[in-house]
Peer 1: 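The structure is given below, and queries will be raised subsequently.
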Amino acid sequence: MALESSSSSSSSAHWMGSLPSALSALPLANLAIPGSHDSFSYWVDEKSPVGPDQATAIKRLAKISLVRKVMKKWSVTQNLTFKEQLEGGIRYFDLRVSSKPGEAGQEIYFIHGLFGIKVWDGLMEINTFLEHHPKEVIFLDFNHFYAMDNNHHAYLISRIQEVFGSRLCPKECVENVTLQNLWEKQQQVLIFYHHCLYEQYPFLWPGNKIPAPWANTTNVHKLLQFLDTTRGERAKQGTFHVSQAILTPRVKTIARNLIRGLKNTLVHKNLPSILDWVKLQKPGVMGVNIITSDFVELVDFAATVIALNELLLEDNES
């Protein structure tokens with residue numbers, strides 16, 4: 001049976017629910033799952049102050065509005081909203097969050113250089129999709145926190161609980177997390193929380209259960225070599241795994257290409273090579289699990305990752 005590999009959002013929107021039972025019975029850690037890098041950065045506010053994730057020198061420079069315009073070109077790594085990414089098949093979201101220094105209250109925002117939308121609004125958008133697609137399961141990876149004290153964390157965690165409620169999957173042995181088990185319990189959301197407070201909440205998974213090694217290179221060949229090496233070192237059991245198929249600009253890259261931005265400088269020309277690498281992968285215990293990319297709609301990224309699961313089906317039938 002062929003899996004959904006159409007790029008139309010109608011098929012990709014419910015790809016997990018369409019998997020044959022042989023695959024929905026496998027641990028989620030063994031499936032190929034498409035994700036996005038800096039998932040929320042489709043909108044950042046160039047009028048806002050620069051975020052606390054930036055160096056002091058950048059904050060000073062960014063008082064000039066032209067500098068913030070340039071920052072926006074390098075901060076945006078996605079074009080699609082959460083809803084559009086979900087409809088396109090994306091199921092893992094890479095999230096960095098922050099309070100706004102000087103703002104009253106505990107409100108938390110997405111951040112990547114510049115502030116994005118309120119986390120609450122993003123979570124509501126995701127939950128609406130899940131209400132309409134009860135067999136789809138998502139990973140929300142809160143992996144960077146800025147300007148947040150324990151009160152901010154308590155606020156954010158209570159918002160997560162308020163939005164998703166019984167859809168939250170409590171932490172347990174990774175091998176036990178299959179689509180079939182989640183469907184039976186009507187659970188759809190795995191929250192990874194890279195802060196020690198995760199210990200106090202049964203529905204927050206520790207960050208070490210979802211390692212995401214980062215190549216930190218502008219060179220696509222070094223990136224692919226790194227992805228192969230780190231995949232090969234993947235723990236045989238006990239964790240999910242993120243292959244970050246992304247290139248990271250250095251200061252000099254940005255300086256030489258100020259106006260062109262990330263997409264035109266690094267992503268456009270290298271995405272075909274990255275997609276070729278994806279096509280050669282195989283999911284499974286020592287294979288790929290979650291693969292993330294920038295600008296996921298520029299190529300048939302999600303559908304290509306989802307189609308890898310056909311290899312597992314062939315193994316199952318042979």
Peer 1: Between the main-chain N or O of G238 and the side-chain N or O of K209, is there a donor-acceptor pair closer than 3.5 Å?
Peer 2: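 Yes, the answer is positive, given that a donor and an acceptor are paired below the 3.5 Å cut-off.
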Peer 1: Would you say the side chain of T239 lies within less than 4.5 Å of the side chain of N208, judging by non-hydrogen atoms?
Peer 2: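 Contact flag for N208/T239 side chains = no.
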Peer 1: With heavy-atom distances below 4.5 Å as the criterion, would you say the side chains of V97 and I111 are in contact?
Peer 2: no
Peer 1: List the atom of G116, the atom of Y109, and the distance in Å for their closest heavy-atom pair.
Peer 2: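 Answer, listing the atom of G116 first, then Y109: O-CD2, 3.7 Å.
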Peer 1: Please walk me through it: do L298 and K263 pass side chain to side chain contact (heavy atoms under 4.5 Å, CB included)?
Peer 2: CA-CA 10 Å; L298 291 184; K263 181 163 60 172; 3.8 Å; yes
Peer 1: Is the NZ or CZ atom of K83 both under 6.0 Å from the centre of the six-membered ring of F129 and within 45° of that ring's axis?
Peer 2: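 No, cation not above the ring by the 6.0 Å, 45° rule.
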Peer 1: Within a radius of less than 6.0 Å around CD of Q225, do more than 12 heavy atoms belonging to other residues, nucleotides or ligands occur?
Peer 2: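 No, not enclosed.
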Peer 1: Angle between ring planes, F82 versus Y42, binned at 30° and 60°: parallel, tilted or perpendicular?
Peer 2: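 Perpendicular, since the angle between the ring planes exceeds 60°.
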Peer 1: How long is the gap from CG on L204 to CD1 on I157, to the nearest 0.5 Å?
Peer 2: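 If I round to the nearest 0.5 Å, the distance is 5.0 Å.
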Peer 1: Is the shortest heavy-atom distance from the side chain of H241 to the side chain of P213 under 4.5 Å?
Peer 2: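 Yes. Closest side-chain heavy atoms under 4.5 Å.
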Peer 1: Same cluster or not: are I246 and L224 linked, directly or through other Ile, Leu, Val, Met, Phe, Trp or Tyr residues, by side-chain heavy atoms under 4.5 angstrom apart?
Peer 2: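 Cluster IDs for I246 and L224 differ.
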Peer 1: Could you check Y193 against L156 for side chain to side chain contact (heavy atoms under 4.5 Å, CB included), going step by step and ending with a plain yes or no?
Peer 2: CA-CA 11 Å; Y193 208 81; L156 174 57; 3.5 Å; yes
Peer 1: Do the side-chain N and O atoms of R167 and Q188 include a donor-acceptor pair separated by under 3.5 angstrom?
Peer 2: yes
Peer 1: Please examine the side chains of D141 and F93, heavy atoms only from C-beta on, and report whether any two atoms are closer than 4.5 Å.
Peer 2: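 No. Closest side-chain heavy atoms not under 4.5 Å.
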Peer 1: Is it true that N143 and H194 share a donor-acceptor pair across their side chains at a distance under 3.5 Å?
Peer 2: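 The answer is no; no qualifying pair exists.
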Peer 1: Thinking salt bridges, do E172 and K185 make one under a 4.0 Å N-O criterion?
Peer 2: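 Judged by the 4.0 Å cut-off on N to carboxylate O distance, E172 and K185 do form a salt bridge.
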Peer 1: Among E297, Q78, Q85, which residue meets the side-chain hydrogen bond (donor to acceptor under 3.5 Å, both in side chains) test with S36?
Peer 2: Q85
Peer 1: Taking 4.0 angstrom as the limit, do D121 and K118 come out as a salt bridge?
Peer 2: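 No salt bridge links D121 with K118.
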Peer 1: Under a 3.5 Å cutoff, is there a donor and acceptor pairing between the side chains of H152 and D149?
Peer 2: yes
Peer 1: Tell me whether E136 is salt-bridged to R91, with the criterion being a basic N under 4.0 Å from an acidic carboxylate O.
Peer 2: yes
Peer 1: Just by distance, no angles: are the side chains of D228 and W277 close enough, under 3.5 Å, to form a donor-acceptor pair?
Peer 2: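 Yes - a donor-acceptor pair under 3.5 Å links their side chains.
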Peer 1: So does G89 get a backbone contact from the side chain of W15, meaning a donor-acceptor N/O pair under 3.5 Å?
Peer 2: yes
Peer 1: Between E87 and S12, is any pair of side-chain heavy atoms under 4.5 Å apart?
Peer 2: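 Sidechains of S12 and E87: no contact.
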Peer 1: Of T248, T292, D294, which is the lone residue that meets side-chain hydrogen bond (donor to acceptor under 3.5 Å, both in side chains) with H37?
Peer 2: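 Checked T248, T292, D294 against H37; only one passes side-chain hydrogen bond (donor to acceptor under 3.5 Å, both in side chains): D294.
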Peer 1: Could you check whether the rings of F139 and F240 sit parallel, tilted or perpendicular, using 30° and 60° as the cut-offs?
Peer 2: perpendicular
Peer 1: Could you tell me the separation between the CD1 atom of I126 and the CZ atom of F40, rounded to the nearest 0.5 Å?
Peer 2: 11.5 Å
Peer 1: Give a yes or no on whether Q186 atom CD has more than 12 heavy-atom contacts from other residues, nucleotides or ligands under 6.0 Å away.
Peer 2: no
Peer 1: To the closest 0.5 Å, what do you measure between CD (Q106) and CD1 (I108)?
Peer 2: 7.0 Å
Peer 1: Does D276 reach the side chain of L280, with side-chain heavy atoms less than 4.5 Å apart?
Peer 2: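 The answer is no, as the side chains (C-beta and beyond) never meet within the 4.5 Å cut-off.
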Peer 1: Applying side chain to side chain contact (heavy atoms under 4.5 Å, CB included), run through F226 and T217 and close with a yes or a no.
Peer 2: CA-CA 10 Å; F226 177 86; T217 181; over 6 Å; no
Peer 1: Given 3.5 Å as the limit, does a donor-acceptor pair link the side chain of S75 with the main chain of H112, or not?
Peer 2: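 Yes: the side chain of S75 pairs with the backbone of H112.
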Peer 1: Both conditions, 6.0 Å and 45 degrees, for the charged tip of K171 above the ring of W205: are they met here?
Peer 2: no
Peer 1: Using modelled atom types and a 3.5 Å cut-off, is there a donor and acceptor pairing between side-chain atoms of T178 and backbone atoms of N181?
Peer 2: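 Such a contact is found between T178 side chain and N181 backbone.
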Peer 1: Would a distance-only check, ignoring hydrogens and angles, find a side-chain to backbone donor-acceptor pair under 3.5 Å from S99 to A147?
Peer 2: yes
Peer 1: Looking at every heavy atom in both S98 and F115, which two are closest together, and how far apart are they?
Peer 2: OG-CE2, 3.8 Å
Peer 1: Compare all side-chain heavy atoms of L123 with those of I160 and state whether any distance is below 4.5 angstrom.
Peer 2: yes
Peer 1: H133 versus T128: any side-chain heavy-atom pair under 4.5 Å?
Peer 2: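 H133 vs T128: side chains apart.
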Peer 1: Do side-chain atoms of D94 reach the backbone of D38 as a donor and acceptor pair under 3.5 angstrom?
Peer 2: yes
Peer 1: Strictly by modelled atom types, are R231 and N289 linked by a side-chain donor-acceptor pair under 3.5 Å?
Peer 2: no
Peer 1: In this structure, which one of L23, I306, L28 forms a side-chain contact (heavy atoms from CB on, under 4.5 Å) with M16?
Peer 2: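 Among L23, I306, L28, the one that satisfies the side-chain contact (heavy atoms from CB on, under 4.5 Å) with M16 is L28.
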Peer 1: Determine whether a donor-acceptor pair (N or O, by modelled atom type, separation under 3.5 Å) exists between the side chain of S41 and the backbone of V76.
Peer 2: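 No; judged by distance alone, with no hydrogens or angles, the pair does not exist.
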Peer 1: Assigning hydrophobic clusters by single linkage (Ile, Leu, Val, Met, Phe, Trp, Tyr; side-chain heavy-atom cutoff under 4.5 Å), is L247 placed with W214?
Peer 2: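 Per the 4.5 Å side-chain linkage, L247 and W214 are not co-clustered.
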Peer 1: Write down the atom of P170, the atom of L168, and the distance for their closest heavy-atom approach.
Peer 2: CD-O, 3.4 Å
Peer 1: Starting from the C-alpha separation in whole Å, work towards a yes-or-no answer on side chain to side chain contact (heavy atoms under 4.5 Å, CB included) for L179 and V137.
Peer 2: CA-CA 8 Å; L179 285 171; V137 172; 3.7 Å; yes
Peer 1: If only atom types and distance count, is the side chain of D300 paired as donor or acceptor with the main-chain N or O of A303 below 3.5 Å?
Peer 2: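 Such a contact is absent between D300 side chain and A303 backbone.
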Peer 1: For the side chain of N309 and the backbone of A32, is there at least one donor-acceptor N/O pair under 3.5 Å apart?
Peer 2: yes
Peer 1: Let me confirm one number: the CZ-CE distance from R159 to M124, rounded to the nearest 0.5 Å.
Peer 2: 9.0 Å
Peer 1: Between S243 and A245 (side chain of the first, backbone of the second, donor and acceptor by atom type, cut-off under 3.5 Å), is there such a pair?
Peer 2: no
